[in-house]
Structures are given as structure tokens and as C-alpha cells.
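Some notes on the structure that comes next.
Quick caveat, the model's predicted, so the values are computed rather than measured.
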Amino acid sequence: MSEPAETPRSGPIVTPTRVVAGLCLFAPFVAMLWVSSYAKVEPTLIGIPFFYWYQMLWVLISTALTMIAYKLVQREQRELRARKDGASK
């Protein structure tokens with residue numbers, strides 16, 4: 001039997017940029033699943049218990065981290081396309 005010819009890797013490639021993007025997306029899950037870290041009333045912020053304002057703060061933080069992850073991956077893909085276009089010329 002003959003072995004199939006090796007093909008170039010077409011699957012996902014792990015790069016430092018993608019690892020950072022993944023950590024940006026993973027951080028809010030860890031923060032929200034670790035309930036014992038924020039399951040308390042004090043300190044209050046303008047009368048709102050910590051339990052509630054901490055979660056609302058993470059809505060804003062999650063938005064920022066998602067945007068950062070998106071921009072990192074987008075920049076990396078642009079650079080890869082530019083390299084590929086430069087190599088093909």
C-alpha cells in the first residue's frame with residue numbers, strides 16, 4: 001500500500017496573537033464563574049451592592065476584551081494575506 005502524499009497544514013495555527021485573543025475571551029468566563037469572589041454586599045457603589053455592580057462592570061470589560069481579541073485576529077489575518085500576496089508576486 002502506498003501512503004498518501006503529505007499535504008500542507010490547513011487546520012488552525014496556534015500563534016501568540018491567537019493565544020492572547022483566546023485569553024481575552026476566556027477571562028470573563030473565569031471572572032463570572034468564580035462566584036465566591038463577588039458574592040457579597042460590600043462595598044456598595046452609589047447604593048448598589050457589590051454583587052450587582054461587579055457583574056455590570058464585567059459587561060463593559062467583556063465588551064472591551066472581545067473588541068481587543070477581534071482586532072488582534074483581524075490584524076494577524078491582514079498580515080498573513082499581505083505576506084501571501086507578496087510571496088505570490
Side-chain angles (χ1 to χ4, degrees):
M1 271 195 178
S2 64
E3 292 185 27
E6 287 189 34
T7 58
R9 242 172 66 160
S10 61
I13 300 169
V14 177
T15 62
T17 302
R18 291 183 184 191
V19 170
V20 171
L23 289 174
C24 285
L25 296 174
F26 185 66
F29 288 104
V30 172
M32 290 294 93
L33 290 175
W34 187 20
V35 178
S36 63
S37 70
Y38 64 92
K40 50 191 168 186
V41 175
E42 296 294 327
T44 59
L45 179 68
I46 58 171
I48 302 171
F50 181 73
F51 181 79
Y52 294 111
W53 68 258
Y54 179 81
Q55 291 178 67
M56 291 301 108
L57 180 64
W58 269 101
V59 170
L60 300 174
I61 294 169
S62 298
T63 302
L65 289 173
T66 302
M67 184 181 69
I68 290 168
Y70 174 74
K71 292 294 184 182
L72 285 171
V73 172
Q74 187 180 37
R75 184 181 66 181
E76 182 184 48
Q77 288 176 345
R78 226 178 308 137
E79 289 172 358
L80 287 173
R81 260 187 261 123
R83 277 192 224 141
K84 189 186 290 186
D85 290 344
S88 65
K89 290 183 180 181

According to a 4.5 Å side-chain heavy-atom criterion applied to Ile, Leu, Val, Met, Phe, Trp and Tyr, with indirect links allowed, do Leu23 and Val14 form part of one hydrophobic cluster?
yes
Of all the heavy-atom pairs spanning Thr44 and Pro49, show the shortest one and how long it is.
CG2-CA, 4.1 Å
Tyr54 and Phe50 aromatic ring geometry - parallel, tilted or perpendicular at 30°/60° bounds
tilted
Answer yes or no: is there a side-chain heavy-atom contact under 4.5 Å between Met67 and Leu65?
no
Shared hydrophobic cluster, Met56 / Ile46 (ILVMFWY, side-chain heavy atoms < 4.5 Å)
no
Go through the structure and list residues passing ring-ring contact (aromatic ring centres under 6.0 Å, His included) with Phe51, not counting sequence neighbours.
Tyr38
Could you give the distance from CZ (Arg83) to CZ (Arg81), rounded to the nearest 0.5 Å?
12.5 Å
Taking all atoms of both residues into account, what is the closest heavy-atom pair of Thr17 and Glu76, and its distance?
CB-OE2, 3.8 Å
Okay, side chain of Trp53, backbone of Pro43: is any donor-acceptor separation there less than 3.5 Å?
yes
Would you give the length of the straight line joining atom CG of Leu45 to atom CG of Leu57, rounded to the nearest 0.5 angstrom?
9.5 Å
With the side chain counted from C-beta on, respond yes when Phe26 and Cys24 share a heavy-atom pair under 4.5 Å apart, and no when they do not.
no
How about Thr66 and Leu25: do any of their side-chain heavy atoms sit closer than 4.5 Å?
yes
As an exercise, state the distance from CD1 of Ile61 to CD1 of Ile68, rounded to the nearest 0.5 Å.
10.5 Å
